[in-house]
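Position 1 is the first residue of the sequence; numbering continues from there. Reckoned from all heavy atoms, side chains included, excluding hydrogens, waters and symmetry mates.
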Amino acid sequence: MGADKAHLRLGGATLVGRAAAALGGVAARVSVVSSKPDAGLFGLPVVPDLFAGRGALGGLHAALSQAAAGWAAILSCDLPFATAALFERLASLRAPHTDAVAPLQPDGRPQPLCALYARAACLPVTEQLLAADELRPRALLSRVRTRWVPFAELADLENSEHFFRNVNTPEDFAEAQRVVSSCEL
């Protein structure tokens, strides 16, 4: 990307600010998982990576380690079109026999960085995966009781076609800016 994605502004808010707004509907406390020195600039509590350099699974582990509630809502800041309504829908699908609730994108791919995780069940599995050098968050979802949410169960939500639009490159960001200006997101 050439710049820290978290600080990019889209529709008047940073990508972290957009993620915090989406999570605010289901989370009593929203934190930023980061080991970067400027992470405190977002005005949110900062949870440092406990396993530095371990990618997204390391960040997920840090979030689960510090979660005060039984469930943790996880959202990567490079998914700026996820909404509070999306997380409310995912939260409504939790059940006693479920350890995670994860959406499937329209193409059927799982989206582990826009999901809900039961702390007690998922934290030890995350630690096992990290110890085995398995760093894919999808591996966690395959080892716990995951409620997969087909996109059809989310399609009725406003602007759902943009939920999983990922911002990883300057071209992705330019497209996200066009979406924001055309849809007022």
Which atom pair, heavy atoms only, marks the closest approach of [X] to [Y]?
X	Y	result
Ala19	Cys77	CB-CA, 4.4 Å
Val180	Gly11	CG1-CA, 3.7 Å
Ala56	Pro137	CB-CG, 3.8 Å
Ser142	Ala139	OG-O, 2.8 Å
Ala27	Val30	CB-CG2, 4.1 Å
Ala120	Pro124	O-CD, 3.2 Å

Straight-line distance of [X] [atom1] to [Y] [atom2], nearest 0.5 Å:
X	Y	atom1	atom2	result
Leu135	Leu129	CG	CG	8.5 Å
Leu140	Thr126	CG	OG1	4.0 Å
Leu93	Leu154	CG	CG	8.0 Å
Ile74	Leu79	CD1	CG	12.5 Å
Leu44	Ser34	CG	OG	11.5 Å
Phe151	Leu157	CZ	CG	8.5 Å

With a 4.5 Å cut-off on side-chain heavy-atom distances among I, L, V, M, F, W and Y, is there a chain of contacts connecting [X] to [Y]?
X	Y	result
Phe81	Leu75	no
Val179	Leu8	yes
Leu60	Leu116	no

Excluding sequence neighbours, so at least two apart, what forms salt bridge (charged side-chain N to carboxylate O under 4.0 Å, His left out) with [X]?
X	value
Arg29	none
Arg54	Asp133
Arg165	Glu175

Check: [Y] main-chain N/O paired with [X] side-chain donor or acceptor under 3.5 Å:
X	Y	answer
Arg119	Leu64	yes
Arg18	Leu10	yes
Thr14	Gly17	yes
Tyr117	Leu141	no

Contact between [X] and [Y] at the side-chain level, heavy atoms closer than 4.5 Å - yes or no?
X	Y	value
Thr146	Val101	no
Leu57	Arg136	no
Val26	Trp71	no
Leu123	Ser65	yes
Pro103	Phe164	yes
His61	Glu127	yes
Asn159	Glu161	yes

> Quick one: side-chain hydrogen bond (donor to acceptor under 3.5 Å, both in side chains) pairs with a partner in residues 97-106, sequence neighbours left out?
Replying inline: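 Every pair satisfying side-chain hydrogen bond (donor to acceptor under 3.5 Å, both in side chains) with a residue in residues 97-106: Asp99-Arg145, Gln105-Asp107, Gln105-Gln111.
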> Can you list every side-chain hydrogen bond (donor to acceptor under 3.5 Å, both in side chains) pair that touches residues 81-93, not counting sequence neighbours?
Replying inline: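 Sorted result for residues 81-93: Arg89-Asp156.
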> Transitive ILVMFWY cluster of Val33 at side-chain heavy atoms under 4.5 Å: who else is in it?
Replying inline: Val47
> Is it true that Arg143 and Glu134 make a salt bridge, defined as a side-chain N closer than 4.0 Å to a carboxylate O?
Replying inline: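 So Arg143 does not pair with Glu134 through a salt bridge.
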